[in-house]
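Data first, discussion second: the structure below is written as structure tokens.
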Amino acid sequence: DIGSKNGNRLLSVPLRADGTYDEKEAAILDDLEAWMTVNGESIFGTRPWDIFGEGPVAEKNIAINAQGFNDGEYSHMTAADIRFNQTKRYLYVTAMGWPEDGRLVIKSLAKGNPYFRRSITSVRLLGYGNVRARQTAEGLVVQLPAPCNAIAPVLRISK
């Protein structure tokens, strides 16, 4: 979510008094490392796309609290919440969860949309390979395999 809005990422890992972290933090870091090993190209060297995202959280007016933060709503993201970023060569589409039935619909990539006017000929799931997809008036409809990681699927679309 942060990358799609051109934000800076901060990773905060609570440490014990002796400077080590516990098993719970180790598991989170291990999951993050595994995800970044496969999907890092969708983060490093990317820039925001024309729109940051779509889905229930993107469409909601989330008030900022007294401290200037509004991340409480972000813990409720699902596969319907999609974020975009890009390089000169690729558009990256990250669903903030894996759809239960494997069907992902990206409305911003529908036929005739104002953001991506080209025909989409192939869609690659990072860490897996090409996946079946078709561009319809509803959106880009992608059929994903079983989850390949514990965090989120990332699609790479050639521009």
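Because the structure is predicted, anything quoted here is derived from the model rather than measured.
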**Asked** Taking only residues two or more places apart in sequence, or in another chain, which ones meet R47 in a salt bridge (charged side-chain N to carboxylate O under 4.0 Å, His left out)?
**Response** none
**Request:** Answer yes or no: does atom OH of Y128 have more than 12 heavy-atom neighbours from other residues, nucleotides or ligands under 6.0 Å?
**Result:** no
**Message:** So for atom CZ, which belongs to R16, do other residues, nucleotides or ligands contribute more than 12 heavy atoms lying within a distance under 6.0 Å?
**Reply:** yes
What are the two closest heavy atoms between [X] and [Y], and how far apart are they?
| X | Y | answer |
| --- | --- | --- |
| A95 | A79 | CB-O, 3.9 Å |
| G45 | T87 | O-CG2, 3.8 Å |
| P153 | G97 | CD-O, 3.4 Å |
| A137 | A110 | O-CB, 3.4 Å |
| M36 | F44 | CE-CE1, 3.2 Å |
| V38 | G127 | CG1-CA, 3.2 Å |

**Message:** Between R83 (side chain only) and E54 (backbone N and O only), is there a donor and an acceptor less than 3.5 Å apart?
**Reply:** yes
**Asked** Backbone N or O of Q86 within a donor-acceptor pair of the K159 side chain at under 3.5 Å?
**Response** no
**Asked** Pick from I43, N39, N149: which one makes a side-chain contact (heavy atoms from CB on, under 4.5 Å) with V154?
**Response** N39
**Single hit among V93, I157, V105 for side-chain contact (heavy atoms from CB on, under 4.5 Å) with L140** = I157
**Request:** Evaluate side chain to side chain contact (heavy atoms under 4.5 Å, CB included) for L155 paired with L91, printing each intermediate quantity in order.
**Result:** CA-CA 8 Å; L155 302 172; L91 173 65; over 6 Å; no
Flag the pair [X] / [Y] as yes when at least one side-chain heavy-atom distance between them is below 4.5 Å, and no otherwise.
| X | Y | value |
| --- | --- | --- |
| L29 | V13 | yes |
| E25 | P14 | yes |
| W49 | N85 | no |
| S108 | I51 | yes |
| L125 | N130 | no |
| F84 | Y115 | no |
| I82 | L104 | yes |

Are [X] and [Y] joined in one hydrophobic group, where the rule is that I, L, V, M, F, W and Y side chains link up if heavy atoms are under 4.5 Å apart?
| X | Y | answer |
| --- | --- | --- |
| L144 | V141 | no |
| L32 | W98 | no |
| F116 | V131 | yes |

Taking atom [atom1] of [X] and atom [atom2] of [Y], what is their separation to the nearest 0.5 Å?
| X | Y | atom1 | atom2 | value |
| --- | --- | --- | --- | --- |
| E23 | I28 | CD | CD1 | 12.0 Å |
| K111 | I120 | NZ | CD1 | 10.5 Å |
| Q135 | L109 | CD | CG | 7.0 Å |
| E100 | T78 | CD | OG1 | 9.5 Å |

**Asked** Going through the checks in order, is the side chain to side chain contact (heavy atoms under 4.5 Å, CB included) test met by R132 and V142?
**Response** CA-CA 6 Å; R132 286 192 352 230; V142 180; over 6 Å; no
**Request:** Establish, yes or no, whether the cationic atom of R156 lies under 6.0 Å from the six-membered ring centre of Y90 and within 45° of the ring axis.
**Result:** yes
**Message:** Show every salt bridge (Lys or Arg N to Asp or Glu O under 4.0 Å) that has at least one partner inside residues 142-155, sequence neighbours left out.
**Reply:** none
**Message:** Between R103 and E138, does the salt bridge (Lys or Arg N to Asp or Glu O under 4.0 Å) criterion hold? Intermediate values first, please.
**Reply:** CA-CA 13 Å; R103 184 176 187 265; E138 176 188 15; 3.2 Å; yes
